[in-house]
Every structure is written in structure tokens, then in C-alpha cells.
Amino acid sequence: MNRTQMRTTAFAAVAVIAGAALTACGSDSGTTDAGSGGGGAADAKVAFLMPDLASTRYELQDKPLFEAKMKELCSGCSVIYQNADSDAAKQQQQANSALAQGVKAIVLDPVDSAAAATIVKTAQAQNVPVIAYDRPIPATPADYYISFDNEKIGSMIGQSLVDHLKAEKIEGGLLQVNGSPTDAAAGLIKKGIHTAIDPSGHKLLAEYDTPDWQPEKAQTWVSGQITQFGDKIAGVVAANDGTAGGTIAAFKAAGGKVPPVTGNDAETAAAQRIISGDQYNTISKPIKIVAEAAANVAWDFVQGNKPEGKATLYDTPSELFVPTVVTKENIKEVLFDSGIMKASEVCTGAYAEGCAELGIK
């Protein structure tokens with residue numbers, strides 16, 4: 001959002017696809033500084049508007065990676081970064097402020113995919129292109145969409161869990177903890193999960209759309225399901241690492257065994273939970289891939305070019321990258337040997353022993 005199929009080949013495929021796509025994105029401008037031309041592009045402002053603080057990735061990865069790539073492409077350009085903290089109205093105000101400051105492009109990861117249509121219309125009316133980032137904007141086509149394939153993510157984490165239950169001969173029903181009901185990407189992940197678990201033979205005991213992706217709300221809901229279903233729960237398909245963390249906390253608070261729980265985003269805390277055995281899987285989506293692709297596309301638009309998509313989603317030219325499922329079996333290779341994570345930052349305290357057992361150092 002199988003486990004035996006996501007080894008070096010899969011990770012290498014992501015790298016090849018990403019590299020080719022990034023090259024294509026920057027084909028018009030390469031990494032040449034705007035100082036030699038560009039008709040006002042040399043000191044352009046670009047808005048980078050992120051949706052929430054519930055997922056740590058936006059502050060720790062997306063923002064610095066996007067800013068670094070923009071600086072590489074255009075040393076005189078500036079990035080206006082804002083995080084809406086799960087408030088759609090606040091994000092609208094941030095977009096209006098960015099437009100008032102004269103931005104030449106907006107990279108937008110919407111809090112509410114439906115409400116974001118207003119931002120798109122307002123920006124396009126001022127001839128400012130909008131690049132939908134991570135989450136699509138179905139109602140009004142943005143000028144471009146960059147993301148990992150969210151429906152594929154759902155099917156991958158779901159199938160990975162189903163395969164694991166089959167291999168371990170674990171019977172019982174499943175809980176499905178989806179993402180925010182206002183996030184179109186969450187809807188795609190949810191759809192993908194169903195394609196994997198509906199034909200699996202495991203009964204779907206209950207599912208929940210988690211408001212604003214909040215781990216605490218996921219925890220509260222799962223706690224209620226534990227009370228209702230108890231040992232009948234064989235596994236939980238959680239749509240991201242935050243809701244996975246909330247799910248695991250609910251089982252631990254109940255004092256019972258934690259069943260296999262999926263995740264998505266490969267956050268540090270999720271890697272630690274996989275190493276310790278608390279979380280079954282996550283999805284590695286190297287943020288560098290999408291952040292740099294977004295910067296390349298934004299730079300193209302700033303220069304007056306219109307990049308072509310590799311696909312079309314919601315009538316929007318798109319680039320959709322394929323991620324990798326991560327379990328304890330391949331976490332060393334996918335996250336550490338690749339350089340995505342550092343053992344010194346993950347293998348601390350109680351996780352040092354688990355890392356040593358997996359050869360992570």
C-alpha cells in the first residue's frame with residue numbers, strides 16, 4: 001500500500017523508473033541555473049503547501065528535499081513553505097497568501113481533495129500552474145500530478161499481509177484502518193486494499209476511515225474492535241505508519257498479542273517497530289524521488305514549459321512511481337543498504353539488539 005517478491009529486483013526497478021522519470025522531468029532545463037536566462041524565472045517564488053503534521057515525513061523529508069532540488073535548479077529562486085496542519089480552510093488561506101506574494105507555481109498536497117479544487121481554480125485564473133503532490137485533486141484537474149501509485153500501495157500492503165497469514169497458517173478476520181475520508185489518495189489506497197483482501201478468504205470484520213489520518217483516532221477505534229472481536233482478529237491492514245502505530249498501541253493497551261499490522265511511508269518509528277516485531281510491513285516510498293520530480297516539474301512551469309505526463313489520472317498529466325513493500329526480511333537491504341535510513345538513527349536503545357540480529361549496522 002508478495003513479501004517474497006520485493007527484494008533487490010523491486011527496489012532496483014524503482015530506482016530505474018525514478019531515474020528515467022526525473023531525467024525526463026528536467027529535460028527542458030537540466031540543472032542549469034536560471035541566471036543565464038528564463039525571462040524572470042531567475043528569482044521566481046514557488047509555493048510548497050503540505051497537508052498535515054500527523055505524518056512526520058512532510059517536515060523531515062519532503063520540505064528539505066524539495067527545497068534542495070529547487071536551489072540546485074535555480075539558485076535565485078525561493079520556496080514558500082506552509083503546512084496546513086489538517087485544516088482545509090487554513091490551506092486555502094496559505095494558497096491565497098502565496099498567490100499574493102507572486103508565486104509562479106504551486107506544489108499542493110491537499111488536506112481535502114475536494115476543497116482543493118477551489119485552490120486550483122483560483123491559481124489557474126491567475127495563470128499560476130498547480131502541481132498536485134502525493135494526493136490527487138479529482139474535481140478540478142491540476143496542471144500536473146506527482147505521486148507514488150496509491151492504489152498499488154493499497155494492494156501491495158494488503159497482499160503482503162494475506163500472503164503472510166497464509167504462509168503462517170493464521171486464520172481469522174481482518175480489520176481495515178483507512179486514511180482520511182477527505183483525502184483522495186486515501187480512497188485509492190482503500191480501493192487497492194480491497195482488491196487484495198476481498199478475495200483472500202479472510203472475513204473483513206470492520207473498517208474505519210480515520211479522520212485526518214490521526215493515530216489517536218485509529219487507536220480509539222481499534223480499541224473498540226478489540227473489545228468486540230478479540231481473538232478473531234488475525235491481522236490489521238492499516239493504510240499508513242501513523243494509523244499502524246495507533247493500531248499497535250491499542251493492542252498493547254488491551255494486554256493481548258499484537259497481530260500482523262501493515263503500514264505505509266517507511267517512517268523511522270515504523271522501521272523500529274518492524275525490527276522489534278511489532279509491525280509487519282510498511283511501504284518504502286523514497287520521498288527524494290517525488291520531491292525532486294516535483295521540483296523539476298515546477299521549474300519547467302516557471303520557465304514557461306509544459307511538461308508531458310507519463311500517465312493520466314483524473315484528467316491530469318501524471319507521474320506515478322512504484323514503491324516497495326518492506327518487511328523484516330528485506331528491511332536491511334531496502335532501507336539501510338540503500339542509504340535511505342541510517343542505523344545510527346534507528347538502531348538506538350531497545351532496537352539495537354534487533355538491528356544486530358538482522359545485520360543492520
Side-chain angles (χ1 to χ4, degrees), residues 1-15 55-57 60-61 153 156-172 174-175 177 215 219 222 231 233-288 323-361:
M1 74 144 216
N2 199 333
R3 69 185 181 117
T4 60
Q5 301 173 345
M6 312 309 293
R7 300 295 185 272
T8 305
T9 300
F11 187 73
V14 174
S55 297
T56 60
R57 52 168 284 195
L60 300 180
Q61 298 185 66
I153 287 171
M156 289 170 74
I157 59 174
Q159 192 60 52
S160 173
L161 177 64
V162 168
D163 290 346
H164 175 67
L165 296 178
K166 182 178 180 180
E168 298 296 322
K169 296 181 172 57
I170 300 173
E171 298 181 355
L174 302 176
L175 298 179
V177 185
Q219 180 176 347
V222 172
D231 293 339
I233 304 171
V236 182
V237 189
N240 80 338
D241 290 334
T243 54
T247 295
I248 292 166
F251 278 97
K252 289 193 170 186
K257 181 180 179 182
V258 179
V261 178
T262 73
N264 164 34
D265 284 338
E267 294 182 352
T268 297
Q272 291 175 326
R273 290 193 296 264
I274 289 173
I275 290 167
S276 68
D278 287 332
Q279 184 169 322
Y280 174 63
N281 73 19
T282 189
I283 285 281
S284 174
K285 305 182 298 185
I287 304 304
K288 183 179 176 69
T324 304
V325 173
V326 178
T327 67
K328 184 178 286 189
E329 292 186 3
N330 68 345
I331 190 170
K332 175 180 181 295
E333 177 185 359
V334 176
L335 296 184
F336 293 93
D337 292 352
S338 66
I340 293 174
M341 289 187 176
K342 296 180 180 179
S344 60
E345 297 174 354
V346 177
C347 302
T348 58
Y351 305 103
E353 183 177 352
C355 285
E357 292 176 356
L358 295 174
I360 300 171
K361 55 185 180 180

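Only this structure's heavy atoms are used, side chains among them; waters, hydrogens and symmetry mates stay out. If you read the sequence from its start, that first residue is 1, and numbering goes on from there.
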Would you name the heavy atoms of [X] and [Y] that are closest together and state the gap between them?
X      : Y      : answer
Pro260 : Leu165 : CG-CD2, 4.1 Å
Asn240 : Ser55  : ND2-OG, 3.8 Å
Gly263 : Gln279 : CA-NE2, 3.6 Å
Gly242 : Pro215 : O-CB, 3.3 Å
Val237 : Gly158 : CG1-CA, 4.4 Å
Tyr351 : Ile275 : O-CG2, 4.1 Å

Is there a side-chain contact between [X] and [Y] (heavy atoms, below 4.5 Å)?
X      : Y      : answer
Phe336 : Leu358 : no
Thr268 : Thr56  : no
Arg273 : Asp241 : yes
Val325 : Ile283 : yes

Nearest 0.5 Å, what's the [atom1]-[atom2] distance between [X] and [Y]?
X      : Y      : atom1 : atom2 : answer
Thr262 : Gln159 : OG1   : CD    : 12.5 Å
Asn281 : Lys328 : CG    : NZ    : 13.0 Å
Lys332 : Met341 : NZ    : CE    : 15.0 Å
Lys252 : Gln219 : NZ    : CD    : 11.5 Å
Arg57  : Asp265 : CZ    : CG    : 5.5 Å
Ile248 : Asp278 : CD1   : CG    : 5.5 Å

Looking only at the side chains, is there a donor atom on one of Asp163 and Ser160 sitting less than 3.5 Å from an acceptor on the other?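 No donor-acceptor contact under 3.5 Å links the two side chains.
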
Side chain of Gln61, backbone of Lys288: donor and acceptor closer than 3.5 Å?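 No: the side chain of Gln61 does not pair with the backbone of Lys288.
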
Name the residue from Val346, Ile360, Val326, Thr324 that meets the side chain to side chain contact (heavy atoms under 4.5 Å, CB included) definition with Leu335.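 The passing option is Val326.
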
